[in-house]
Engineer: 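Here you go, one structure.
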Amino acid sequence: MGAVVGLLASLIATILGTIFIGSDIIRLLGGSASLLVAWAIHVLIGTLLGVGYALLAAQEIDGSETAIRGLVYGAAAWVLIVLVLIPVLTGEGARWQAAEAARQTPALIVYLIQGGLLAIACHWLFGLADNRLGILTLPSEEMPEVSIQQHVVILGGGFAGVSTAQHLERLLGDKRDVRITLVSQTNHLLFTPMLAEVTAGGVEAQHISPPLRAFFRRVQVIRGEPAAVNIAENTVTLKSSTHATQTLHYDHLVLALGATPQFFGNKNIETYAFTFKSLSDAIQIRNHVLEMLERADNEPNATRRKALLTFVVVGAGFAGSELIGGLNDFIRGSLWYYHHLRNEEISLILVHPGEHILPELSVELASYAQEKMEARGVTIWGSARVTDAAPSAVMIGDKTVPTETLIWTAGNTPNPIIGTIGCEMDKRGAVITDDKLLAKAQTNVWAVGDCAVIPDVVTGKNAPPTAQYALREAKTLAYNLNAVLHHREPKPFRHRSQGTLAVVGHQTACAEVFGMKFSGLFAWLMWRGIYLGKLPTLEKKVRVLLDWVIDVFFPRDIAYAPTVDGHEMSGVTTTSEEGV
Amino acid sequence: MPVRIGLGAVAGLVAGLIYGLLLSSQHMSPMMSPVDVPGDQITSLVLSLLVGVGFGLTFSRLATTAGAGLIWGIVFGVLWWVVGPLTLFPFVHGVRPDWAIASARAAFPLLVGLAVAYGAFMGLLYSVLTGLYQNRLTSQFVRRLALRVLAALLGGGLAGLFGGLAFGAWMAQAGFFPLVAGLVNSNSAETGRTLHLIISIAIGASYGVLFRRDIGRIGSSIAWGAVYGLIWWVLGPLTLMPWLLGQGVQWNIPAAQNAFASLIGHVIYGIVLGMAYAFLSQVWQTLFVDSDPLSREPEGPGTRNLRAIGVGAAASIVGGLVFTVVMVETNTLPKVANIVGMTTPLEGFVVHMVISILIGASYGLLFRREAVSPMSALFWGITYGLVWWFLGPLTLFPLLLGQPLQWSLDAALQVYPSLVGHLAYGAGLALVYPFLLRRFAAHTSTRHSSDGATEDNQASAPALWMLMLVLGLLLPLILMSTATV
């Protein structure tokens, strides 16, 4: 439309110019001695100017001062074309000296006429196309709903689910015939690598939990929990916090449901132990620890005080080791508030069944971490298991340890809903997928993250359940979903680990990055730098950075944190283990 | 529509009458008439009436405020100058129009007269008549209006003082104050300085009163100020000052050439006035009027402004590279390097790009809310480039090189290629700016307004763009001496 209008406007303007001041104006406009060539060049330029104007003015069809816009456009085009482009292209050199420019004023008038006509005609035609014919494209946000042909439902709002939705949304761009729905138990993404810092009072809980809706433009977020999945009928039934149910039909289903704590059938441990998977877990542990300190400070009986000041963490993976390191700093750093408590009375015990803590790290770094923790007052019981628990005691092997604090990080199992779906599973209860992340024997059910067993073509082993792998799996899965939706071939998952990092206490960490080993303050700074970079959204990065800066100047806050009961439906979270 | 036409006719007729009387008192020809015969008042009045009807038919819808009426009246005057004296009137005389610069120069008095004395007055009168027609003058309305006008007077007066101080620096350098003091029969520089500041404050106050409803943000206010400076260049050194000194109005090329330095001074005054007024107005609005949290945008102002600065800086790299072509062709890069005491073209290029990025960042910040569409972004970019032609090569560049201000016609004509470069810079910057900003807008504002951008106060923007181009592109060419052409 712009090209046609531009062509006509340049024709009319040159005709008017010829009528008023003769045919020389055409030679001036076209930059050629030949009248025909000059005229053809000018009309071609006019056509291009029309296209340019139409592109620029497409959003301004209601402008009432249209003609003046056109005049300004014409004047700008005169500068660009008559003073610069034509003379440069014809070898004359630019006409930007004032004396040269002054000789081109007849062309300026032609360009003004042309611009004015172009603007008025575009305004009229765009209005006609929009109002009468309805053929003008509206800005994307005003686009009416188009019929949805494909629906991708992603279950799980952890790293794997959110990242899959993000990548898929980006790959689909403005293609609106595919709908994406993300089902999450919370309305935020929990950045689990910093969860131990929440318990230790280093960062505020909200600062490591960016809202899910901040990530997406068009993904529909539903806060709910899958109650049933029917893969024969391609439906998912959701229940909300009010226990209302909702059924979604899907064309492709992504299982990113994460894992839940596993107590190996011990009901007492399940009853009396704290879990460490969600924000509410972290806050509850922190409040409980503070409660222990408050009670101990007012407890005259030494035995009972000792029990109150004993804290047992089970499991020495990343979660357990980082948690006990952080708790150790927090508790001992807060003692100066409690005048009746002494450092020697505090006992933090890390129980694990292996020979070394942090089995994901090399033996060298794990030993370093263990030495550092022990030097700071953590007691590590290796090759030991918690066999039972009571309200005021924990059985470690055959030994009874009086305590009111037991924190369980020793085992995870895939979300129990997985077992009801009907997909093929391993002995842990995780969905077995092929290397393209498609659930075995399924055509439209995909699995990713902690709830899946995914072969890694690089190592030939199964991908470990870490955040690092979950993010890479999500990227591959989004690619594959997009490929399948567009009838292309999906690609296999391949990823080479970039390394692992773990904080073991105040300003001390261990790291293995690209095969290189680091420990101490440098590794701790590296940990903070890398995870601050990976924390989603700039806003949260700045808030966490401010928390850390405040921590440098002020003591730990020992006020109880507000509880968040009821805001996370079952405490199930996804992908808690760490990696770069 | 009939009311608009009627009011336009009345405004056109009254403006034509006053214009005619003014010209008669100065023994000048009617100028509205194609028949260049003194005394042909009837033709002039009929034409005035028809031009007023034309205004009522076309631009009156946009003349919703006194400021908008004024600016659209001037635009209408300029357009009539092109259509009438440059095109149709020669036909009446049996001559073919040539649209050449010589003809424009010959019609310069008509340009001044039709744009400022006739068009501006007609537009202003039209908006006043419309206001009287549409509003009932209740005591509450008058009291509220008076309070707002008082606030605008105070804000404008303060902003005018800042502008006057900036303009005064050159006036002191050029020894202009004694001349100003002549208005009160004195030749004391101090009297001239005081009088200059009083005039500056008065013009600033009038700026506030006239444009208080039109001025949105600092970016567009710069253009409003520059155009208002141009208007006062015509009203001051070419009209009122010589008239009060008993020399009659000086709407002629030699007088305008002599007053060209003062034109740049007026434009700089207007730029400072516009910026200061919009800043004061925004502070007032934010503190006392418009702090309603319901109108908050999805992101905090810090993020929005930092993003706009960053995107403006990034977009300016394109504009800066385009401008570099002009600089290489005109061998200006070594001069630019001189600013930091260096000499080579490469060093000049680095300095030029740093300046480009800083100006681009300021464009992002100042025009974040003005550049609401690709087209408005482009034209604001071109306008901002033009503003920097006045501020850069004509003002700051010589100052940074330790030279006196070069506010002369010769200097302006010498750096005319730089004007083309500045316009290309502004266009390049502004074409890329919305493109870069769009990816953020898509993320933050699909369900909300786009990054807080608003189209308020944008209706008069095309008039400003056009007058800025007339001021920068055309006026120097018209005023250059015939020997140069």
Side-chain angles (χ1 to χ4, degrees), chain A residues 16-17 19-22 24-25 52-53 55-60 62-73 75-76 78-80 83-84 88 93-110 112-113 116 119 139-141 174 214-218 538-539 542, chain B residues 58-59 61-62 72 75 79 82 86-87 91 96-101 103-104 299-300 303 325-326 329-330 372-376 378-379 382 412-414 416-421 423-424 427 431 442-443 445-447 450 459-463 465-466 469-470 473-474 476-478 480 484-485:
Chain A
L16 282 174
I19 291 170
F20 284 131
I21 58 177
D24 282 350
I25 188 69
Y53 188 88
L55 286 172
L56 282 170
Q59 293 178 19
E60 307 195 20
D62 294 329
S64 50
E65 60 296 333
T66 303
I68 304 300
R69 283 174 197 265
L71 296 182
V72 178
Y73 186 72
W78 173 73
V79 174
L80 176 71
L83 298 193
V84 183
V88 167
R95 295 167 181 158
W96 46 42
Q97 296 297 342
E100 272 296 325
R103 292 191 193 101
Q104 311 302 323
T105 49
L108 171 64
I109 304 291
V110 172
L112 291 178
I113 295 171
S140 58
E141 60 265 36
D174 290 330
F215 294 106
F216 307 117
R217 286 171 56 198
R218 47 175 282 201
L538 178 65
E539 177 211 338
V542 173
Chain B
T58 52
F59 296 137
R61 214 154 29 89
L62 300 161
W72 283 109
V75 166
L79 288 181
V82 175
L86 289 193
T87 308
F91 269 122
R96 207 174 194 187
D98 59 3
W99 297 335
I101 200 69
S103 305
E299 292 173 322
T303 306
V325 177
V326 180
E329 286 290 322
T330 53
V372 292
S373 66
M375 179 161 279
S376 60
L378 173 67
F379 290 156
I382 291 173
L413 293 172
Q414 215 166 10
Y416 198 83
S418 170
L419 170 64
V420 175
L423 296 180
L431 279 173
H443 179 67
S445 60
T446 43
R447 294 179 294 271
S450 59
S460 296
W465 301 330
M466 183 178 157
L469 285 179
V470 168
L473 268 183
L474 202 57
L477 297 184
I478 291 175
M480 67 196 289
T484 317
V485 185

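Only a predicted model underlies this, so the values are computations on that prediction, with no experimental measurement involved. Below, chains carry the letters A, B, ... as their sequence lines are ordered, and counting in each starts from 1.
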Engineer: Chain A heavy atoms under 4.5 Å from B/S103: which part of the residue, side chain, backbone, both or neither?
Structural biologist: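 Neither the backbone nor the side chain of B/S103 comes within 4.5 Å of chain A.
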Engineer: Could you look at B/P97 and say if it's the side chain, the backbone, both or neither that has a heavy atom under 4.5 Å from chain A?
Structural biologist: both
Engineer: Go through the atoms of B/A463 and report whether side chain, backbone, both or neither lie under 4.5 Å from a heavy atom of chain A.
Structural biologist: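 For B/A463, backbone heavy atoms alone lie under 4.5 Å from chain A.
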Engineer: Can you tell me how far apart CG (B/L86) and OG1 (A/T105) are? Round to the nearest 0.5 Å.
Structural biologist: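 The distance works out to 9.0 Å.
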Engineer: Working to the nearest 0.5 angstrom, can you tell me the gap between B/M375 CE and A/Y73 OH?
Structural biologist: 6.5 Å
Engineer: To the nearest 0.5 angstrom, please state how far the CG atom of B/L477 sits from the CZ atom of A/R103.
Structural biologist: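 One finds 11.5 Å between CG of B/L477 and CZ of A/R103.
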Engineer: Relative to chain A, which segment of B/T87 carries a heavy atom at a distance below 4.5 Å: side chain, backbone, both, or neither?
Structural biologist: side chain
Engineer: Considering only heavy atoms, which portion of A/L108 lies under 4.5 Å from any heavy atom of chain B: side chain, backbone, both, or neither?
Structural biologist: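 It is the side chain, since no backbone atom gets that close.
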Engineer: Given a strict heavy-atom distance threshold of 4.5 Å, which part of A/L71 is in contact with chain B: side chain, backbone, both, or neither?
Structural biologist: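 Contact with chain B is through the side chain of A/L71 alone.
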Engineer: Measure the spacing between CE of B/M466 and CG of A/L112 and express it to the nearest 0.5 Å.
Structural biologist: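 Between atom CE of B/M466 and atom CG of A/L112 there are 7.0 Å.
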Engineer: Of the non-hydrogen atoms in B/P462 and A/R69, which two are nearest, and what is the gap between them?
Structural biologist: CG-CG, 3.9 Å
Engineer: Could you check which of B/L474, B/V326, B/V470, B/L431 has the highest count of heavy-atom pairs closer than 4.5 Å to chain A?
Structural biologist: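 Max contact count across the listed options: B/V326.
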Engineer: Take atom CD in B/Q414; do more than 12 heavy atoms of anything else shown fall under 6.0 Å from it?
Structural biologist: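 At most 12 heavy atoms, drawn from other residues, nucleotides or ligands, come within 6.0 Å of this atom.
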Engineer: State, to 0.1 Å, how close A/Q97 and B/Y416 come at their nearest heavy-atom pair, and which atoms those are.
Structural biologist: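 Shortest heavy-atom separation between A/Q97 and B/Y416 comes out as C-CD2, 4.3 Å.
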Engineer: Does any part of the side chain of B/L79, heavy atoms only, come nearer than 4.5 Å to the side chain of A/I68, both counted from C-beta?
Structural biologist: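 SC-SC contact between A/I68 and B/L79 confirmed.
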